[in-house]
Amino acid sequence: MATRSLWRAKLALSATALFGGAAAATITTSEDPAMTMKLYSTVPVRLLRDSITAAAIAFDYEYSLWGLPEGSSERLKAKHEVHLRSARKLQELCFKNGGIYIKLGQHIGQLEYLVPEEYVRTMRESMLNKCPVSSYEQVCEVIEKELGDKPDKIFSEFDPVPIASASLAQVHVARTHNGQKVAVKVQHTHMTDTAAADCATVDVIVNTLHRVFPSFDYRWLIVEMRESLPKELDFLNEAKNSEKCLHNFLKLSPQIAAYVYAPKVHWNLSTSKLLTMEFIDGAQVNDVKTIKKLGIRPDEVARLVSETFAEMMFKHGFVHCDPHAANLIVRPLPSSRKSILGKRKPQLVLLDHGLYKELDDETRTNYAALWKVCICFSWNDFL
């Protein structure tokens with residue numbers, strides 16, 4: 001027990017020392033140094049919390065599996081139990097810290113091909129529907145800073161209660177002065193500064209753990225976060241991606257272009273931290289009951305989703321990277337009429353264009369060859 005406490009202390013001290021430089025750099029480059037300084041007054045607490053959680057997880061693995069033969073039923077049972085305990089510890093940490101930690105938890109929940117099932121199940125069951133919500137005062141602060149006035153001045157109507165909230169932002173329904181119904185995506189207050197600090201703390205913890213326990217190597221996750229987070233925090237980048245996505249369908253996939261849609265952007269009411277878009281009503285892609293009520297056949301929706309992402313992967317090389325149910329909305333194709341049986345053609349509406357992946361020709365060709373082999377069962381075609 002004394003050894004465990006000593007290692008926890010060493011880990012916390014090392015992390016705190018390494019974090020100091022990153023914190024100072026972020027404060028001096030922040031667009032709001034005073035507020036960032038205030039934010040950093042809470043960062044040591046978060047860093048200590050991170051350190052304790054990381055140490056607890058690492059030592060749980062070390063001691064719970066100590067001496068158990070590899071491949072034995074006892075080791076498999078102990079590993080399952082420690083996976084579950086550790087996943088719950090990590091879940092609790094994400095909820096306490098909020099911000100990008102929620103995003104991190106959601107990301108882990110999608111990595112069933114890389115991390116143990118216990119982590120995936122724990123994160124997936126809890127993270128998708130429990131995201132932070134900014135107060136209306138905080139929303140007003142962001143809108144006034146970005147657009148120069150309060151919501152009730154910028155818009156003729158603005159619902160103070162968000163219809164959706166995610167790890168980085170939340171969405172409010174509003175109406176422009178010319179009567180158009182819009183969805184306003186507002187970034188959580190000071191998310192940019194908080195994200196920089198949180199990235200620094202997570203970086204320190206992961207690298208420190210890897211030095212202490214070489215088998216614990218999740219440094220790739222830091223690299224991915226550092227690459228994707230700035231893109232997701234820039235809503236103008238998201239707006240450009242949505243327009244590029246539609247342009248690709250019109251130019252490269254005209255046969256289904258009418259069946260794929262993205263909300264139009266109101267550029268005069270959008271900034272890097274606030275995005276105003278056309279409001280689209282419809283059913284989530286997994287809401288079969290509502291889809292049927294709209295007079296749409298679920299099998300046609302499934303086919304359209306498959307075709308849409310196949311076109312992105314194999315033709316466009318520009319792929320939407322966050323296609324969960326809340327970001328895929330289905331509505332009747334506006335130009336379609338009911339069939340004799342009362343059915344309508346579906347239109348797939350893509351939301352949240354913050355993160356895309358570009359695939360080069362070699363990757364797309366090889367991926368197409370892989371699928372050809374899987375379907376045709378012919379190695380000769382592959383070779």
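Just so it is clear, the model here is predicted, and its values are computed rather than measured.
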- Exercise: identify the closest heavy-atom pair between Leu233 and Gln187: O-NE2, 2.9 Å

- When you check the side-chain N and O atoms of Ser253 and His316, is any donor under 3.5 Å from an acceptor? yes

- Check: Thr308 side chain, Leu304 main-chain N or O, donor-acceptor pair, under 3.5 Å: yes

- What class does the angle between the rings of His320 and Phe309 fall in, given that below 30° is parallel, 30 to 60° is tilted and above 60° is perpendicular? perpendicular

- In terms of side-chain geometry, is the basic nitrogen of Arg88 or Glu92 positioned less than 4.0 Å from the acidic oxygen of its partner? no

- Message: Looking at Ser165 and Gln170, would you say the former's side chain and the latter's main chain have a donor-acceptor pair under 3.5 Å?
- Response: no

- Task: Please name the pair of heavy atoms, one in Leu68 and one in Ala78, separated by the smallest distance, quoted to 0.1 Å.
- Result: CD1-CB, 3.6 Å

- Query: Any ion pair linking Arg85 and Asp60 (charged N to carboxylate O, less than 4.0 Å)?
  - Reply: yes

- Message: If we count only N and O atoms by modelled type, under 3.5 Å, do the side chains of His188 and Ser134 hold a donor and an acceptor together?
- Response: yes

- N-O pairing of Arg219 and Asp203 below 4.0 Å: no

- Glu362 versus Tyr367, side-chain donor and acceptor atoms under 3.5 Å: no

- Query: When Ile, Leu, Val, Met, Phe, Trp and Tyr are grouped by side-chain heavy atoms lying under 4.5 Å apart, directly or through other members, which residues fall in the same group as Phe158?
  - Reply: Tyr136, Val139, Val142, Ile143, Leu147, Ile154, Phe155, Val182, Val184, Val186, Leu269, Leu274

- Cationic N near anionic O, under 4.0 Å, Asp152 to Lys150: no

- Query: Less than 4.0 Å between a side-chain N and a carboxylate O, is that true for Lys185 and Asp352?
  - Reply: yes

